[in-house]
Amino acid sequence: MRFCGSEILELQSFSPASVEDIARVHAKAYVAGLEKSMDRASEKGIIYIDGSGPTYATATTFQESLLAAGAGLTLVDSVVMSQPSTLVAASKSSQNPPMGFALIRPPGHHAIPKGPMGFCVFGNVAIAARYAQHVHGLKRVFIIDFDVHHGNGTNDAFYDDPDIFFLSTHQYIAALADFCSTRRRTKILTSKRVAKDLSTKRVIGRGQESGGLYILETEMPTPVACSGVVTPFELLYRLGHHSLSFLKKDGSYPGTGKIDEVGHGSGEGATLNLPLPGGSGDIAMRTVFDEVILPSAQRFKPDIILVSAGYDGHVLDPLASLQFTTGTYYTLASNIKQLAKDLCGGRCVFFLEGGYNLSSLSYSVADSFRAFLGESSLASDFDNPAILYEEPSSKVKQALQRVKHIHSL
């Protein structure tokens, strides 16, 4: 990625977060226990620290996780003090305040206060939110999470806190596959082979999560050629992306983030979860921003905006079935940048979360930087509109109407 001179500054040396920083979100017993487990990781090479993701650790995981969290804190310092000495900060002038983007691993939004979860060790965004409050006196923190999976760790950390607004858009929970309106849902079978019936144009493929088979009724003009055992994602590509969208058997990981999860006690109303149906794409997300994110932030009046930026909602990403494009992420970054300028002096930091197709991840992150810099998007160099199918507009509308009713938007 090429940027213009000093408009992008990269800091490769920064301090790790302190245990005190981490303990503002996570239980001290968990932090101490993780540090102690590094001896076992050193002996065995790699160990499980959570089985739901699963989440592994090596001998350096504890220090690397402190560094990841520390990168976010360094960026918060930078954007608050308006000094672009950041891990990655972009600025064209004093009228265009610096935006921070922590390109870090491990990610954080699944890590719960009591422990790790879903590839995440420490809640980087949550830790930064508490740091902004305690160190910089920024009382009201607005967190946007557009990862395809619900940020359950961040959700739990602030569920009863009225001063931190957590807003998550994620793929909705469903029991079986959610096909497009032109496709028919059929029963799950239990074979390990893939077959085809050219006369009916039926394709049978092994389900990755269910351990069974889905049968896909297509309306394609030509048969699909496939043989042997293939994954659902291989089928998706062979069908041209427009015949199939599917969700996990038990819903989008981790199975939390229902629309009626709105906070508890004094924090009721400061948590907004918007599950989106499979197939939701650019049109859906533009509408979500205009009708949900924007009015929620305007009403909350934040002092800083933090973003869990997951790029696994991209149509090419293998772990879900949304239809975001590189252009979707450019628009999101541009809109959030403007939102921060309008509401909190431009103070905004992005934190990298999910993204499992390296090509779509890299192009989408790069286009987010272009949005920060006010440069034109290059999404058209990568995105292929031919692989997109019709968005489930009626389901999206229903979800929007319900969340707007619940939160009086």
Side-chain angles (χ1 to χ4, degrees), residues 14-28 30-31 33-35 49-50 52-58 60-76 86-88 100-134 141-159 161 164-170 253-254 256-257 271 273 304-313 319 348-356 361 365 368:
F14 49 88
S15 299
S18 67
V19 171
E20 179 184 3
D21 294 326
I22 305 298
R24 292 193 182 102
V25 171
H26 294 284
K28 290 183 179 179
Y30 160 53
V31 180
L34 179 65
E35 185 175 18
I49 55 175
D50 166 66
S52 69
T55 309
Y56 298 91
T58 65
T60 59
T61 293
F62 183 74
Q63 284 300 321
E64 288 168 352
S65 300
L66 291 178
L67 278 172
L73 305 188
T74 300
L75 285 166
V76 169
T86 61
L87 175 69
V88 180
F101 201 137
L103 301 174
I104 52 178
R105 285 291 183 258
H109 73 152
H110 291 311
I112 59 176
K114 293 183 179 180
M117 188 172 175
F119 312 150
C120 302
V121 178
F122 296 141
N124 302 314
V125 166
I127 292 164
R130 286 291 186 228
Y131 180 86
Q133 290 180 320
H134 284 78
V141 182
F142 192 81
I143 300 175
I144 302 169
D145 187 330
F146 57 72
D147 190 280
V148 78
H149 303 105
H150 179 238
N152 60 296
T154 315
N155 184 102
D156 292 355
F158 307 124
Y159 205 60
D161 191 332
I164 295 184
F165 195 107
F166 175 66
L167 188 157
S168 175
T169 61
H170 46 274
Y253 181 88
T256 55
T271 296
N273 285 300
I304 188 171
I305 296 175
L306 305 179
V307 182
S308 276
Y311 292 85
D312 42 6
L319 291 194
C348 182
V349 180
F350 277 51
F351 294 73
L352 184 62
E353 300 286 0
Y356 306 96
L361 174 63
V365 169
S368 295

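We number each residue from 1, following the sequence as shown. The shown structure was predicted, so the numbers you read here are calculated from the model rather than taken from an experiment. In what follows, every heavy atom counts, from backbone to side chain, and hydrogens, waters and symmetry copies are set aside.
Among all heavy-atom pairs drawn from D147 and E353, the shortest one is OD2-CB, 3.5 Å. Between F14 and G70 the shortest heavy-atom distance is CD1-C, 4.1 Å. In plain terms, the two heavy atoms of M117 and D50 that are nearest each other are CA-OD2, 3.2 Å. The nearest pair of heavy atoms linking I304 to A132 is CG2-CB, 4.4 Å. Of all heavy-atom pairs spanning I143 and A129, the tightest one is CD1-CB, 4.2 Å. Residues G100 and L75 share a closest heavy-atom pair of CA-CD2, 3.8 Å.
Of the possible donor and acceptor atoms, one in the side chain of D21 sits under 3.5 Å from a partner among the backbone N and O of S18. With hydrogens and angles disregarded, no donor-acceptor distance shorter than 3.5 Å links the side chain of H26 to the backbone of F122. Although no hydrogens or angles enter the test, the distance criterion places no donor-acceptor pair under 3.5 Å between the side chain of Y356 and the main chain of D312. With hydrogens and angles disregarded, no donor-acceptor distance shorter than 3.5 Å links the side chain of D145 to the backbone of G310.
Here the OG atom belonging to S15 is positioned 11.5 Å from the CG atom belonging to L66, to the nearest 0.5 angstrom. In this structure, OG1 in T169 is found 10.0 Å from NE2 in H150, a value given to the nearest 0.5 Å. A distance of 7.0 Å separates CD1 of I144 from SG of C348, quoted to the nearest 0.5 Å. Note that the CD1 atom of I164 and the CZ atom of F142 stand 12.5 Å from one another [nearest 0.5 Å]. Between atom OG1 of residue T154 and atom CG of residue L167 there is a gap of 12.0 Å, rounded to the nearest 0.5 Å. Between F350 atom CZ and L306 atom CG the span is 10.5 Å, to the nearest 0.5 Å.
For F119 and H110, the ring centers sit 6.0 Å or farther from each other. Not less than 6.0 angstrom separates the ring centroid of F158 from the ring centroid of F166.
By the 4.5 Å heavy-atom criterion applied to side chains, Y311 and V365 are counted as neighbours. Within the 4.5 Å cutoff, no side-chain heavy atoms of P106 are placed close to those of C120.
Evaluation of the salt bridge (charged side-chain N to carboxylate O under 4.0 Å, His left out) test over residues 115-133, restricted to residues two or more places apart or in two chains, returns R130-D161.
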(request) Before giving the answer on side chain to side chain contact (heavy atoms under 4.5 Å, CB included), spell out for T58 and T61 the whole-Å C-alpha distance, their side-chain angles and the decisive distance to 0.1 Å. (result) CA-CA 5 Å; T58 65; T61 293; 3.5 Å; yes

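Between H109 and S308, the side chains place no donor N or O within less than 3.5 Å of an acceptor N or O (distance only, hydrogens not considered).
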